[in-house]
Number of protein chains: 2
Amino acid sequence: MVTLKNIAEELGISITTVSKALKEYPDVSEKTRKLVRETAALLNYQPNSFAVNLRTKESKTIGLIIPVVVHHFFSSVIKGIIAQAEKKGYLVIILQSNESYELEQKQIDLLLRKRVDGILISLANETSDFSHLNKVINQQTPIVMFDKIAKVVKCSKVIIDDRKAAYTATQYLIDIGCKKIAHFRGPLLPQNSIDRFLGYKKALLDNDLEFDVSLVYTCECGDASFEEGKANAKQLLKDHDDVDGIFINTDLVAIGAMKEFNDRGVKVPEDINIVGFSNWFMASVISPSLTTINQPGLEMGKKAFKLLFKEIKSRKANKLITHKQVVLDTDLVVRDSTKNK
Amino acid sequence: MVTLKNIAEELGISITTVSKALKEYPDVSEKTRKLVRETAALLNYQPNSFAVNLRTKESKTIGLIIPVVVHHFFSSVIKGIIAQAEKKGYLVIILQSNESYELEQKQIDLLLRKRVDGILISLANETSDFSHLNKVINQQTPIVMFDKIAKVVKCSKVIIDDRKAAYTATQYLIDIGCKKIAHFRGPLLPQNSIDRFLGYKKALLDNDLEFDVSLVYTCECGDASFEEGKANAKQLLKDHDDVDGIFINTDLVAIGAMKEFNDRGVKVPEDINIVGFSNWFMASVISPSLTTINQPGLEMGKKAFKLLFKEIKSRKANKLITHKQVVLDTDLVVRDSTKNK
DNA sequence: CTGAAAGCGCTTACAG
DNA sequence: CTGAAAGCGCTTACAG
């Protein structure tokens, strides 16, 4: 591998001058600069990033911890993050927490030991203790949370207004004439499951509809799956066969539920109206296509990186870091799984 | 940040001894070793990875270049790679080529400049020149290709037998009674599009069915999309309304085609039998569910990392690197988009 | 405009 | 068993 030393020896000048010439320092003569550049190109010189990292104490690399990779929404976020990072000359190390708190902790430690310039994270469903995140903050590594966040942790966040979106979805079911609306919520812990549930509840109450806890189905298994949708739908038919609308926490679960209804001769939307959440690509291609809340994954990824980038810059300049919370817009996409009565 | 120097000063011993004690060198007294370890723990010492990288000339980081992230098969591969890498203490930098040759080249350079320990890559559809890959090989950085490979490049590869899988799919259509079978192939360049096409053709010929070029629809747009499936299906109905079976290069395209047929009152499987390729999750939940070839993404990712890991080890030990080509098994998953006549 | 020197924080061959 | 020293390949404050 070619080093500065090689170029210096080749030209009979000092390493210092070579370094300065390549970095466009003003105090190098045009002649020397040109000579150095030509020689560097000739020898195909590439700066040793390990040495640069050690000197500059930065690696132009960030870490990303995400609960699941094979997932329409999250993979869209990943795409947004790496696209934006590349623009700014940053690389992204990706880690999957598998919705496990233990793994998430280990991965945070791993990234800190790697001395990444910053961390982006969406929390595992299991995570209810945040000391690992506070550790990151205490040692001044910039961190931005997105989608699945912890409200009490003091850092920048990019989210959607889950409560409002859920309210919109539920209100829509009411507007088209549903009288008894169930809710399949996600696992207990994550903030967005809670918020979506609260939005659902509030819409009912604001419309003088009874809120009945037995109409709320919680995900026992910890992850929102197709199977869970089927199981919940089956149980719902047993418990309440007069339900005429369901607001479901995630498209995948909604698709499972629709499958179960279809298998049992329950018609969507004629017998039951269904609204999902996230607008997975799949939602537009199944039959009936799924009415859902569009959640802007790509945009969320881009925004999260932008915030992180600003904090990295601020920290480098020893400026005060101010935390921001960005709320992205969602919208209701009406398709064929719902129908005005 | 705590350094070896801090620990040494704290204990009044040399940096050398501290380093050796922490690295379990045998020539350090048990007493010193213990003392050093305790102090390191107390001060929460973390080795500076930048310095370690510079000294050891390795970063325990690999690069991954993938055409698309938001994609069921590729995201499964990513999951397999990062899971396996984590087990061996490696981190993964992920880059998306967007099916662009130009980007792919830049990203290879980026990774080489970063001095990653190895590279995993699945080629962009556009890529037909391989000098960037040979550059990697020439400078002795281990590289393993998976799924979308270049046969002529000398390195390890993990693939499926696309030709055989396509043959199986086509033979199955013939077996259930199809007389006129079309093929929606992918873009022109990638090896697996070519191989799937060849498998289709061979199955026809082996069964004494006529091979008709006009029954093969090529993807003009460069990426295999839902829209492409719709467009091809539309064109097919115009050109050949007597086709009774289609073997389609990718599930997503197949789903687009099914949508178009459904919209136009053409029944699947009654009027046309359809076999897809890849076994996206979506294939199992749409109606009718899609008969397809299962392509083991997770396993492919794991295997690709394992091969790369071996080469990294070999290279470090200055051993000869032998390239391997691993062919993973595929199987036909029969669902409701096909039916025995 | 040029360069000697210090230093980033490690690892390791070598001397004692 | 311990430690001084060299060196990985850069960057940059400082002297001339």
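Proteins get letters first, then strands, A, B, ... in listed order; numbering begins at 1 in each.
- Taking a cutoff of 4.0 Å between a charged side-chain nitrogen and a carboxylate oxygen, K60(A) and D117(A) do not qualify as a salt bridge.
- Protein atom CE of M1(A) is 21 Å distant from nucleotide atom P of dG7(D), rounded to whole Å.
- In this structure, dA13(D) forms no base pair with any nucleotide, since neither Watson-Crick nor G-U wobble geometry is met with both distances under 3.5 Å.
- When Watson-Crick and G-U wobble pairs are counted only if both distances are under 3.5 Å, dA4(C) pairs with no nucleotide at all.
- Ring geometry for F73(A) against H71(A) counts as perpendicular: the plane angle is over 60°, on a 0 to 90° scale with 30° as the lower cut.
- Not one side-chain nitrogen or oxygen of K5(A) sits closer than 4.0 Å to the OP1 or OP2 atom of dC10(D).
- T17(B) comes within 4.0 angstrom of a base, heavy atoms only.
- Where E30(B) and V2(A) meet DNA chain D, the nucleotide closest to each residue was compared, and E30(B) sits on the side nearer the 5' end.
- In this structure, I7(B) places its CD1 atom 14 Å from P of dG3(D), rounding to the nearest Å.
- Between N53(A) atom CG and dC8(D) atom C1' the separation is 13 Å, expressed in whole Å.
- We find that CD1 of I13(A) is positioned 9 Å from C1' of dT2(C), with the value rounded to whole Å.
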A correct 5'-to-3' footprint of nucleotides 11-16 of chain C, with B, S and - meaning base, sugar-phosphate only and no protein heavy atom under 4.0 Å, is BBBB--
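- Checking side-chain atoms of R33(A) against main-chain N and O of V28(A) turns up a donor-acceptor pair under 3.5 Å.
- Applying the side-chain contact (heavy atoms from CB on, under 4.5 Å) test between Y45(A) and each of N6(A), L22(A), T39(A) identifies L22(A) as the sole match.
- Here the side chain of K57(A) is nearest to one of dC8(C), dG3(D), dC10(D), namely dC8(C).
- Using a cutoff of 4.0 Å between basic side-chain nitrogens and carboxylate oxygens, K306(A) and E311(A) are not scored as salt-bridged.
- In this structure, L22(A) atom CG and dG9(D) atom C1' are separated by 13 Å, rounded to whole Å.
- L35(B) places its CG atom 15 Å from the P atom of dC1(D), with the value rounded to the nearest Å.
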I would like to know whether E30(A) and K34(A) meet salt bridge (Lys or Arg N to Asp or Glu O under 4.0 Å); could you show each step before the answer?
-> CA-CA 6 Å; E30(A) 190 47 55; K34(A) 196 174 163 231; over 6 Å; no
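- Under the salt bridge (Lys or Arg N to Asp or Glu O under 4.0 Å) criterion, K154(B) pairs with no residue, sequence neighbours left out.
- Separating the CG atom of N48(A) from the P atom of dC8(C) is a distance of 18 Å, rounded to the nearest angstrom.
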